[in-house]
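The structure under discussion appears below in the form of structure tokens.
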Amino acid sequence: QVQVVESGGGLVEAGGSLTLSCTASGLTWLDYSMSWFRQAPGKDREGVSCIDPYGADIRYLKVKGRFTISRDNAKNTIYLQMNNLKPEDTAMYYCAAKLRADCTYWWESDDYNYWGRGNQVTVSS
């Protein structure tokens, strides 16, 4: 049984930092690219970042320069380091796994095989 579990969210003031973690089990880890998505109240889910199995292909949408995605293959875990957070970053953040060796079309959420339940990030102004 595949499990994808996020952790590390919370409440932070604008300009602060948070690091999200996502650990997956029950799958062949190196067969999957991993991504972060987010969904704010009343808005569609949007892609945040993607990393391929070996960290060679990394993509960002809107957050480049503030957020950094990384991956520890020894721990089946990815991270999202979020700096200089803004109130508009407030959302539920989801981790997702796609059976693919790169991040091509990574923003297409329908193509993902497994999802975590989400972790709330709230940025106060």
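Computed over heavy atoms, backbone and side chain alike; hydrogens, waters and symmetry mates excluded.
Under the 4.5 Å side-chain heavy-atom criterion for Ile, Leu, Val, Met, Phe, Trp and Tyr, Leu80 and Trp107 are members of distinct hydrophobic clusters. A continuous path of hydrophobic side-chain contacts links Ile51 to Trp36 [ILVMFWY only; heavy atoms under 4.5 Å].
Applying the side-chain contact (heavy atoms from CB on, under 4.5 Å) criterion to Asn73, with sequence neighbours excluded, gives Trp29, Leu30, Tyr54, Arg71. Contacts of Ala97 classified as side-chain contact (heavy atoms from CB on, under 4.5 Å), with partners at least two apart in sequence or in another chain: Leu27, Tyr32, Met34, Tyr114. For Asn83, the side chain to side chain donor-acceptor pair (under 3.5 Å) partners two or more places apart in sequence, or in a different chain, are Ser17, Gln81. Among residues two or more places apart in sequence or in another chain, the side-chain contact (heavy atoms from CB on, under 4.5 Å) test is passed with Trp115 by Phe37, Arg45, Tyr94, Ala96, Ser109, Tyr112. Every residue meeting the side-chain contact (heavy atoms from CB on, under 4.5 Å) condition with Glu108, not counting sequence neighbours, appears here in chain and number order: Tyr105, Asp111. Scored by the salt bridge (Lys or Arg N to Asp or Glu O under 4.0 Å) test, Glu88 finds no partners at all (sequence neighbours excluded). With sequence neighbours left out, the side chain to side chain donor-acceptor pair (under 3.5 Å) criterion links Asp102 to Arg100, Thr104. By the side chain to side chain donor-acceptor pair (under 3.5 Å) test, Ser124 is found to be paired with no residue, residues two or more places apart in sequence or in another chain being considered. Applying the side chain to side chain donor-acceptor pair (under 3.5 Å) criterion to Arg66, with sequence neighbours excluded, gives Asp89.
Shown here for Val121 and Met82, the closest heavy-atom pair between the two residues is CG2-CE, 3.9 Å. The two residues Ala101 and Pro53 have their closest heavy-atom pair at O-CD, 3.4 Å. Taking each heavy atom of Val123 and Thr90 in turn, the nearest pair found is N-OG1, 2.9 Å. Annotation for Lys43 and Gln39: closest pair O-NE2, 3.1 Å, computed over non-hydrogen atoms. Here the closest heavy-atom approach between residue Ala24 and residue Val4 is recorded as CB-CG2, 4.2 Å.
Taking 4.5 Å as the limit, some side-chain heavy atom of Val63 sits within range of a side-chain heavy atom of Arg38. A 4.5 Å side-chain heavy-atom check between Tyr60 and Ile58 finds at least one atom pair inside the cut-off. Residues Leu20 and Glu6 fail the side-chain proximity criterion, which asks for heavy atoms closer than 4.5 Å.
Note on residues 52-65: pairs passing salt bridge (Lys or Arg N to Asp or Glu O under 4.0 Å), not counting sequence neighbours, are Glu46-Lys62, Asp57-Arg59. Applying the disulfide (SG to SG under 2.5 Å) test to pairs two or more places apart or on separate chains, those with a residue in residues 32-79 are Cys50-Cys103. Applying the disulfide (SG to SG under 2.5 Å) test to every pair with at least one member in residues 1-49, sequence neighbours left out, gives these pairs: Cys22-Cys95.
Here the straight-line distance linking atom CZ of Arg117 with atom CE of Met92 works out to 11.5 Å at 0.5 Å rounding. The OG atom of Ser125 sits 14.0 Å away from the NZ atom of Lys86 when rounded to the nearest 0.5 Å.
Side-chain contact, Thr77 with Thr23: a donor N or O sits under 3.5 Å from an acceptor N or O.
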